[in-house]
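Take a look at the structure set out below.
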Amino acid sequence: MRSSPRRLPALLLGTALVGTVLGVGTIASATTDTHTGRDATTATIAHLGHTMAVSTQASGDDPDGDGYIPAVPQVTGVTPSTATPPTRYFHEFQANCSVTHTAPDDPIVYPGQPGKSHDHTFMGNTSTDANSTTASLTGGATTCKAPADASGYWMPSLYNGDRKILPVGPQTIYYKAGVTDYTSVRPFPKGLRFVVGNPMQTADEFRHHRGFVEGWECGDSYFNTDFPASCPSRADVQLNIRFQAPSCWDGKYLDTPDHKSHMAYPVVKPGTNDNMCPADHPVALPMIEFKMAFPVNGDMSQVRLASGRGYSFHYDFFNAWEDRTLKALVDHCIVGGLQCDARGYDQTHPEAGATLNSDYRLP
């Protein structure tokens, strides 16, 4: 029998989704954005044009429709690690995944409701759509280099005017330690899903988001909260963004009504510079970092996201890794303190070997 701390009435759930997931709140007044010189009123128009309707249907993984998907089994008896292992500058591996398709679907926020979201660009599992569940994704075809990674990764589509701009080739999705005790990181539970960022966030909220790394960048321009007004018109210049996800889990739920509350960012251990998980989210998981590259440069005045301005960037993750392969990569690369590629190989430590064979599979 399923259990949850409370059942949310439809109206309350709808309010939570609008207010938390979509971030409905104060709209910026007509001021000028210092990064682009464009009137911030444009942000209001863009956001209003992409406001999404409230979800009216539960995920196939959530038959009672309360928004909570319990982990089975739940992880209990864990306290955040305060240990300081030997210093290793890197503790990560990559999931290199190419774009599969685009669609106005979101199986986390709008399950079972095709066409209800703004347009998303999907990577990884080739079948991801509004009806995706843990069962439908597991073992599915993927554009990730490791065939065992059937996870779904998606973000708002990027346009230049009316032309959709898709990342070309494998994109870099880092799996890294977000806590100082990298030896405490464990694999994602199957079916875990979450949303990173908020399509309705303001420029200031985006800049100060815990996941902000270097914002939008191109050429020598970094830390932009919105798209730069222009980028060097050279073949080697693309528009890039890096954004990190929360990596501390409550150990209880694979999803919650706002698609965020079961996850948290690490906090600073008092009196140190060390990072640790908070007490209410004690389980250290890999920290995902999207590092996306879009083939667009030159005049950027018409560049936009399906969700609005550049600072509306956000993304979704739905874990469907084959358990043994994910654990092997986490143990070898993150817990082992290595800087691994998608095979689990660190070229600076060849003596450590690789996790996967030449076909990117477990031997």
Side-chain angles (χ1 to χ4, degrees), residues 23 26-51 96-99 101-102 104 118-123 153-174 196-245 289-316:
T26 303
I27 299 295
S29 59
T31 57
T32 300
D33 187 285
T34 57
H35 292 281
T36 64
R38 290 178 286 188
D39 195 308
T41 304
T42 308
T44 302
I45 296 171
H47 282 163
L48 291 177
H50 292 283
T51 298
N96 296 144
C97 307
S98 300
V99 170
H101 60 287
T102 65
H118 52 238
D119 199 73
H120 284 110
T121 293
F122 292 85
M123 298 170 289
Y153 308 88
W154 61 96
M155 58 191 170
S157 295
L158 184 136
Y159 294 81
N160 188 3
D162 294 328
R163 184 166 63 94
K164 195 176 297 184
I165 306 295
L166 302 180
V168 177
Q171 298 300 293
T172 301
I173 301 169
Y174 289 108
V196 184
N198 190 320
M200 295 297 289
Q201 63 206 351
T202 66
D204 186 66
E205 288 169 337
F206 177 60
R207 176 65 184 85
H208 293 95
H209 193 283
R210 293 288 305 280
F212 189 93
V213 181
E214 293 182 351
W216 293 100
E217 54 186 46
C218 64
D220 295 325
S221 179
Y222 302 93
F223 297 104
N224 298 290
T225 56
D226 204 352
F227 301 119
S230 64
C231 294
S233 297
R234 303 196 315 263
D236 64 326
V237 172
Q238 298 191 77
L239 179 67
N240 297 275
I241 189 168
R242 295 168 59 190
F243 209 74
Q244 295 178 338
E289 178 183 313
F290 267 34
K291 185 179 181 182
M292 304 289 109
F294 301 87
V296 60
N297 56 36
D299 178 12
M300 304 288 286
S301 62
Q302 299 301 308
V303 173
R304 61 182 174 88
L305 292 172
S307 53
R309 296 280 287 269
Y311 46 79
S312 71
F313 181 78
H314 57 289
Y315 62 87
D316 301 56

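One-based numbering along the sequence shown.
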*Can you tell me how far CZ of Phe227 sits from OG of Ser221, rounded to the nearest 0.5 angstrom?*
12.5 Å
*Enter the distance from Asn240:CG to Gln171:CD here, rounded to the nearest 0.5 Å.*
8.5 Å
*Looking at CH2 of Trp216 and CZ of Arg309, how far apart are the two atoms once the value is rounded to the nearest 0.5 Å?*
12.5 Å
*Once you round to the nearest 0.5 Å, how far does CZ of Phe294 lie from CD1 of Ile165?*
10.0 Å
_For the aromatic rings, using the six-membered ring if either is Trp, is the centroid distance between His209 and His314 under 6.0 Å?_
no
*Where does the angle between the aromatic ring planes of His120 and Trp154 fall among parallel (under 30°), tilted (30 to 60°) and perpendicular (over 60°)?*
perpendicular
*asked:* Which heavy atom of Ala306 sits nearest to which heavy atom of Tyr159, and what is that distance?
replied: CB-CE1, 4.0 Å
*State, to 0.1 Å, how close Leu305 and Pro156 come at their nearest heavy-atom pair, and which atoms those are.*
CD2-O, 4.0 Å
*Any sub-3.5 Å donor-acceptor pair from Arg242's side-chain atoms to Met292's backbone N or O?*
no
*How close do Leu239 and Cys218 get, heavy atom to heavy atom, and via which atoms?*
CA-CB, 4.3 Å
*asked:* Whether the side chain of Gln244 engages the backbone of Arg210 through a donor-acceptor N/O pair (distance < 3.5 Å, no angle test) should be reported.
replied: no
*If you measure from CD1 on Ile241 to CD on Glu217, what distance do you get to the nearest 0.5 Å?*
9.0 Å
*Is any side-chain heavy atom of Thr172 closer than 4.5 Å to a side-chain heavy atom of Asn96?*
yes
*Quick check: does any side chain N or O of Asn297 sit under 3.5 Å from a backbone N or O of Ser233, one acting as donor and the other as acceptor?*
no
*asked:* If I compare all heavy atoms of Leu166 with all of Pro295, which pair ends up nearest, and what's the gap?
replied: O-CD, 3.3 Å
*Smallest separation among heavy atoms of Gln201 and Ser312, with atom names*: NE2-C, 4.0 Å
*Under 3.5 Å, is there a donor-acceptor pair linking the side chains of Thr202 and Asp204?*
no
*Nearest 0.5 Å please: distance from the SG atom of Cys231 over to the CG atom of Asp220.*
10.5 Å
*Answer yes or no: is there a side-chain heavy-atom contact under 4.5 Å between Glu205 and Met200?*
no
*Does the gap between the ring centers of Phe206 and Phe212 come in under 6.0 Å?*
yes
*Indicate the ring-plane relationship of Phe313 and Tyr315, choosing parallel, tilted or perpendicular according to the 30° and 60° boundaries.*
tilted
*Shortest non-hydrogen contact between Thr121 and Pro167, atoms and distance*: CG2-CD, 4.4 Å
*asked:* Please determine whether the number of non-hydrogen atoms from other residues, nucleotides or ligands lying under 6.0 Å from atom CG of Asp236 exceeds 12.
replied: yes
*Does any non-hydrogen side-chain atom of Lys164 lie less than 4.5 Å from one of Asp119?*
yes
